[in-house]
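A, B, ... follow the sequence lines: proteins, then strands. Residue 1 opens every chain.
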There are 2 protein chains.
Amino acid sequence: MPPKPGRAALQERYDRRQAEVVLGAARVFARRGYDQTSVPQLAEELGIAAGGLYHYFGGKEQLLIAICDQLMDPLLTEAQALLAEGGTAEEQLRALVRSWVAHVVEHRDHMLVFQQERHVIDHGRQWAQVRERRKRFERLVEGLLRRIADDGAARLPDARLTLSALLGMVNHTAQWYRPRGRLDVAAIADGYVDLVVG
Amino acid sequence: MPPKPGRAALQERYDRRQAEVVLGAARVFARRGYDQTSVPQLAEELGIAAGGLYHYFGGKEQLLIAICDQLMDPLLTEAQALLAEGGTAEEQLRALVRSWVAHVVEHRDHMLVFQQERHVIDHGRQWAQVRERRKRFERLVEGLLRRIADDGAARLPDARLTLSALLGMVNHTAQWYRPRGRLDVAAIADGYVDLVVG
DNA sequence: TCGAAGTTCGAACGATCGTTCAACGACCGT
DNA sequence: ACGGTCGTTGAACGATCGTTCGAACTTCGA
């Protein structure tokens with residue numbers, strides 16, 4: 001269904017439209033729920049015909065996978081870049097959490113869908129790549145927390161428990177953050193880090 | 001559909017069976033997802049015929065509401081009882097979080113469904129009571145955190161942000177806790193409280 | 001400007017959904 | 001022990017689901 005390989009201009013247009021559809025689908029799914037949104041309903045909100053979706057996606061579930069990829073790929077890429085920059089473990093953690101919170105807030109709809117459909121992500125065969133990306137990101141954070149604990153500077157009760165707590169609070173941000181709220185992204189992220197490292 | 005009023009013995013049997021169905025449905029929904037589980041599938045796993053469910057519930061969504069009630073009612077009741085017992089704010093917080101984590105772990109399936117179906121809970125008209133119970137519980141925790149902040153003992157960066165963080169980490173526990181894990185419920189709860197109050 | 005390739009449409013498909021209901025065995029109160 | 005209610009069954013319903021596909025429209029390359 002995508003254009004034949006070799007035609008760069010067409011490929012780019014195809015990819016841009018596809019990403020646009022994914023973005024819109026994330027917004028609709030976050031509000032109405034993935035399963036409770038029928039393909040005709042989704043198509044109507046996106047302003048295209050129902051059948052037209054299948055030009056860009058093999059099926060409804062592949063669209064869901066694309067939403068999760070659009071969420072996880074840049075997050076993991078940015079996290080790896082930050083860790084390569086050097087600095088103390090605590091400095092790196094602070095930078096990582098800032099980037100992470102910014103990402104959660106920016107991709108709030110994606111996050112809500114991602115959390116909502118955890119049962120699909122955890123079980124399906126074709127979800128292995130999404131699961132692995134999530135795992136890799138969590139390991140990055142865990143490594144950082146272990147370095148901080150080993151430095152002895154902070155009094156983390158338990159690195160694994162702290163990791164779970166941090167995952168919980170940051171990801172939960174998607175459920176209450178509002179664009180014109182009292183706290184900006186940096187204040188939220190720093191507040192989280194202060195809780196964790198004291 | 002329930003037995004006629006006045007027959008206490010029948011009413012009790014009916015209520016017990018109903019609660020049993022809710023419990024089983026929570027387990028199935030947590031694994032397969034609410035929407036992705038058809039009524040015939042659910043009925044088969046519960047060991048009854050599809051039509052039989054409608055003896056206890058007006059429809060599939062009322063069953064979902066019952067799951068959330070079975071989760072929130074005892075949690076709120078116990079929280080209110082703990083707050084009535086007296087003690088310093090920090091002591092009360094520690095007791096409340098212990099009870100809360102125990103509840104999340106005990107009703108892990110309910111929690112997973114509750115979080116999974118957030119979009120339904122937030123929007124539907126008949127979900128107002130569930131929303132209000134959730135709100136009331138959150139206000140209880142918020143009041144406790146404000147008392148701690150006012151006492152000046154701990155260095156909470158922001159009571160509202162701390163509340164969101166605590167909600168996130170405790171509720172997230174349902175997604176990683178395993179019965180024979182390294183940490184027991186009390187250790188988890190105390191770890192969370194230590195992060196929050198320092 | 002012309003043929004080809006890419007994109008969109010919308011009617012139609014079989015499958016499956018949530019729900020209803022008449023009927024039957026089990027158990028209650030008397 | 002008997003009449004009535006309760007609990008359960010499973011077949012059947014209309015509605016709606018995700019998906020397909022051939023035709024119409026648009027854009028690209030030359």
Taking CD from B:E12 and P from C:dC28, how many angstroms apart are they, rounded to a whole number? 13 Å
Looking only at side-chain N and O atoms, does A:R13 come under 4.0 Å of OP1 or OP2 in C:dT7? yes
Figure out the CD1/P separation between A:I48 and D:dA24, and round it to whole Å. 21 Å
Distance check: side-chain N/O of B:R17 vs OP1/OP2 of D:dT8, anything under 4.0 Å? yes
Could you write out DNA chain C as a dot-bracket string, with dots for unpaired bases, | for bases paired across to another strand, and Watson-Crick or G-U pairs counted at under 3.5 Å? ||||||||||||||||||||||||.||.||
Rounded to whole Å, how long is the line connecting atom CG of A:L53 with atom C1' of C:dG10? 13 Å
Look at the side chain of B:K60 and decide which nucleotide, out of D:dT9, C:dG18, D:dG7, has an atom nearest to it. C:dG18
side-chain N/O A:S38 vs D:dT16 OP1/OP2, d < 4.0 Å: no
Interatomic distance, A:L42 CG vs D:dT16 C1' [rounded to whole Å]: 16 Å
Heavy-atom count check: over 12 atoms from other residues, nucleotides or ligands less than 6.0 Å from A:Q41 CD? yes
If you count the non-hydrogen atoms of other residues, nucleotides and ligands that lie under 6.0 Å from CD in A:Q80, is the total more than 12? yes
Between A:H55 and C:dT8, does any side-chain N or O lie under 4.0 Å from OP1 or OP2? no
Just checking A:F57: base, sugar-phosphate only, or nothing, at a heavy-atom cut-off of under 4.0 Å? nothing
Atom CD of A:Q11 to atom P of C:dT7: distance rounded to whole Å? 9 Å
Apply the side chain to side chain contact (heavy atoms under 4.5 Å, CB included) test between A:R133 and each candidate in A:L75, A:L71, A:D73; give the one that qualifies. A:D73
Gap between atoms CD and P, on B:E44 and D:dT8 respectively (whole Å): 17 Å
Under the side chain to side chain donor-acceptor pair (under 3.5 Å) definition, can you give me all pairs with a residue in residues 95-104 of chain A, not counting sequence neighbours? A:E78-A:S99, A:R98-A:D190
Donor-acceptor pair, distance only, cut-off 3.5 Å: does the side chain of B:Q18 make one with the backbone of B:Y56? yes
Check whether more than 12 heavy atoms from other residues, nucleotides or ligands sit under 6.0 Å from atom CZ of A:R147, and answer yes or no. yes
Less than 4.0 Å between a side-chain N and a carboxylate O, is that true for B:E20 and B:R17? yes
5'-most contact on DNA chain D (nearest-nucleotide basis), A:G52 vs A:V39, goes to A:V39
Rounded to the nearest angstrom, tell me the gap between atom OH in A:Y14 and atom P in D:dT26. 21 Å
Using heavy-atom distances to pick each residue's nearest nucleotide on DNA chain C, tell me which of B:Q36 and B:G51 is more 5'. B:Q36
Send over the distance from B:Y56 OH to C:dG18 C1', rounded to a whole Å. 19 Å
